[in-house]
Amino acid sequence: MMDEQFDLDAELKAKILVEALPHIQMYYGQTVVVKYGGNAMINEELKDAVIHDLVLLNLVGIKVVVVHGGGPEINDMLTKIGKKSEFVNGLRYTDRETMDIVQMVLCGKVNKDLVTLLEKAGGRGIGLGGMDGGLFQAKRLTDRVGTDYGYVGEIVDVDPSPVIDVLQQGYIPVVSTVAQGIDDETNYNINADTAASKLAVALKAKKLILLTDVRGLMLDPKDESTLLPFLKVSEVPKLVRDGVIKGGMIPKVDCCVEAVRKGVGAANIQDGRVKHSILIELLSKVGVGTMFQ
């Protein structure tokens with residue numbers, strides 16, 4: 001009986017691998033940019049699943065690039081030094097002291113912790129700060145009403161050379177979202193979704209994946225059965241006018257739309273709370289989240 005059970009399990013596993021083959025062939029040698037954030041960076045079980053997904057993709061010949069934020073870790077460090085986190089229009093207000101903390105946490109602790117996890121899972125990661133090699137260049141973010149966000153930057157140029165060099169050596173680049181300032185003697189805090197989108201464009205990526213804490217884009221945010229699995233970028237303006245795309249989903253959708261319009265093959269907003277959601281999206285027929293094309 002045990003032998004029969006083993007044979008069934010082995011046959012099922014083999015079938016899964018064979019079904020993944022055409023997807024592996026489609027992405028082999030292609031670049032996939034994953035913005036890593038949300039609960040998938042906090043929950044240890046989810047973190048382990050994401051790390052193993054990234055290593056597996058790398059080992060089957062897919063060029064994986066990780067772009068990460070680190071909001072909870074920044075909040076923790078600010079709390080430790082007795083500084084309150086402040087947000088303006090959903091963005092972290094970043095004064096000089098906060099910017100020092102952001103750079104220390106993102107480029108130091110979070111970045112190197114992720115590299116270590118990749119190594120422990122059998123992968124090879126190299127950490128890059130957004131200022132390394134002029135990867136991300138930015139100016140101070142301003143809006144039409146002159147809102148002050150402090151040292152929050154808007155990316156004006158991306159030089160993907162450092163990332164390409166790392167990929168060519170077979171490593172997984174792990175990129176923190178701090179940018180070199182070109183309008184001031186400072187570095188800037190950058191929104192991770194935006195950074196991932198712009199890097200995906202610069203790398204001519206096959207796919208951009210934004211991991212978040214919702215299923216994807218839903219007609220009714222309270223009803224997961226209304227998930228929109230596919231969306232053409234031309235359909236987005238109407239959904240914004242109809243109020244389907246609103247609040248914090250607007251900037252995420254904008255990142256996907258910009259990426260696709262500038263040459264990225266497809267962009268996904270998907271639930272990082274689902275274990276192995278990256279593999280499900282890339283290597284199966286099922287897919288997860290909302291894909292923009």
Side-chain angles (χ1 to χ4, degrees), residues 17 20-21 23-38 40-70 73 103-136 158-179 192 195-211 264-265 268 270 272 275-284:
L17 290 171
L21 179 59
H23 302 282
I24 294 173
Q25 290 171 324
M26 180 171 65
Y27 285 103
Y28 181 81
Q30 300 292 326
T31 301
V32 174
V33 176
V34 177
K35 181 265 178 168
Y36 184 31
M41 279 190 79
I42 302 170
N43 180 286
E44 291 302 321
E45 191 175 358
L46 293 174
K47 186 187 295 185
D48 183 71
V50 169
I51 293 298
H52 280 85
D53 286 4
L54 298 172
V55 172
L56 189 152
L57 293 174
N58 173 255
L59 292 176
V60 298
I62 299 170
K63 298 176 181 177
V64 186
V65 180
V66 183
V67 178
H68 69 85
E73 290 87 352
Q103 183 168 318
M104 179 179 69
V105 171
L106 292 187
C107 301
K109 185 180 187 306
V110 176
N111 190 269
K112 301 313 175 188
D113 282 354
L114 290 175
V115 169
T116 300
L117 288 172
L118 288 169
E119 296 284 340
K120 287 181 176 179
R124 299 196 304 164
I126 287 186
L128 293 170
M131 73 288 287
D132 291 335
L135 175 54
F136 295 137
V158 178
D159 182 352
S161 301
V163 173
I164 293 171
D165 290 344
V166 170
L167 287 170
Q168 287 176 341
Q169 297 300 315
Y171 292 92
I172 300 172
V174 181
V175 181
S176 62
T177 51
V178 175
S197 175
K198 290 188 179 295
L199 182 55
V201 170
L203 291 169
K204 300 180 174 59
K206 179 83 170 178
K207 186 92 162 185
L208 167 66
I209 292 176
L210 303 182
L211 292 181
V264 175
N268 259 59
Q270 65 188 58
K275 285 181 65 177
H276 300 296
S277 70
I278 299 172
L279 291 188
I280 295 169
E281 172 56 32
L282 294 176
L283 303 185
S284 77

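Because the structure is predicted, anything quoted here is derived from the model rather than measured.
For the atom pair Asn268 CG and Ile209 CD1, the distance stands at 6.0 Å (nearest 0.5 Å). Annotation: the span from Ile62 atom CD1 to Ile172 atom CD1 amounts to 11.0 Å, rounded to 0.5 Å. How far CD1 of Ile164 is from NZ of Lys204: 8.0 Å, rounded to the nearest 0.5 Å. Here the CG-OG1 distance, from Asn111 to Thr116, works out to 9.5 Å after rounding to the nearest 0.5 Å. With rounding to the nearest 0.5 angstrom, the CG atom of Asp165 is 8.0 Å from the CD atom of Gln169. Atom CG in Leu279 sits 11.0 Å away from atom NE2 in His52 (nearest 0.5 Å).
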**Message:** Between Ser176 and Val110, does the side chain to side chain contact (heavy atoms under 4.5 Å, CB included) criterion hold? Intermediate values first, please.
**Reply:** CA-CA 8 Å; Ser176 62; Val110 176; over 6 Å; no
**Request:** Show your reasoning for whether side chain to side chain contact (heavy atoms under 4.5 Å, CB included) applies to Asp53 and Leu282.
**Result:** CA-CA 10 Å; Asp53 286 4; Leu282 294 176; over 6 Å; no
**Item:** Worked verdict on Ile126 versus Val115 for side chain to side chain contact (heavy atoms under 4.5 Å, CB included)
**Value:** CA-CA 6 Å; Ile126 287 186; Val115 169; 5.9 Å; no
**Message:** Applying side chain to side chain contact (heavy atoms under 4.5 Å, CB included) to Leu46 and Lys275, what does each step give before you reach the verdict?
**Reply:** CA-CA 6 Å; Leu46 293 174; Lys275 285 181 65 177; 3.8 Å; yes
With a cut-off of 3.5 Å and sequence neighbours excluded, list every side-chain donor-acceptor pair involving residues 25-37.
{"from": "Lys35", "atom 1": "NZ", "to": "Asp193", "atom 2": "OD1", "distance (Å)": "3.4"}
{"from": "Tyr36", "atom 1": "OH", "to": "Ala40", "atom 2": "O", "distance (Å)": "2.6"}

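Counting all heavy atoms, side chain and backbone alike, Val158 lies closest to Ala202 at CG1-CB, 3.7 Å. When all heavy atoms of Leu203 and Pro160 are compared, the pair lying nearest together is CD2-CB, 3.7 Å. Nearest heavy-atom pair, Thr177 versus Ala192, reported as atom, atom and distance to 0.1 Å: CG2-CA, 3.6 Å. Pro162 and Asp132 make their closest contact through CG-O, 3.6 Å (heavy atoms, listed as atom of the first residue, atom of the second, distance). Leu211 approaches Gly272 most closely through the heavy-atom pair CD2-CA, 4.1 Å. Closest approach of Cys107 to Met131, counting heavy atoms only: SG-CE, 3.9 Å.
Taking a 6.0 Å sphere around NZ of Lys63, one finds it holds 12 or fewer heavy atoms contributed by other residues, nucleotides or ligands. Surrounding NZ of Lys47 are more than 12 heavy atoms belonging to other residues, nucleotides or ligands, all under 6.0 Å away. Heavy-atom neighbours of Lys120 NZ from other residues, nucleotides or ligands within 6.0 Å: at or below the threshold of 12.
For the side-chain contact (heavy atoms from CB on, under 4.5 Å) test with Leu283, the passing option among Ile24, Ile278, Leu17 is Ile24; the others fail.
Looking only at side-chain heavy atoms (C-beta outward), Leu199 and Leu135 come within less than 4.5 Å of each other.
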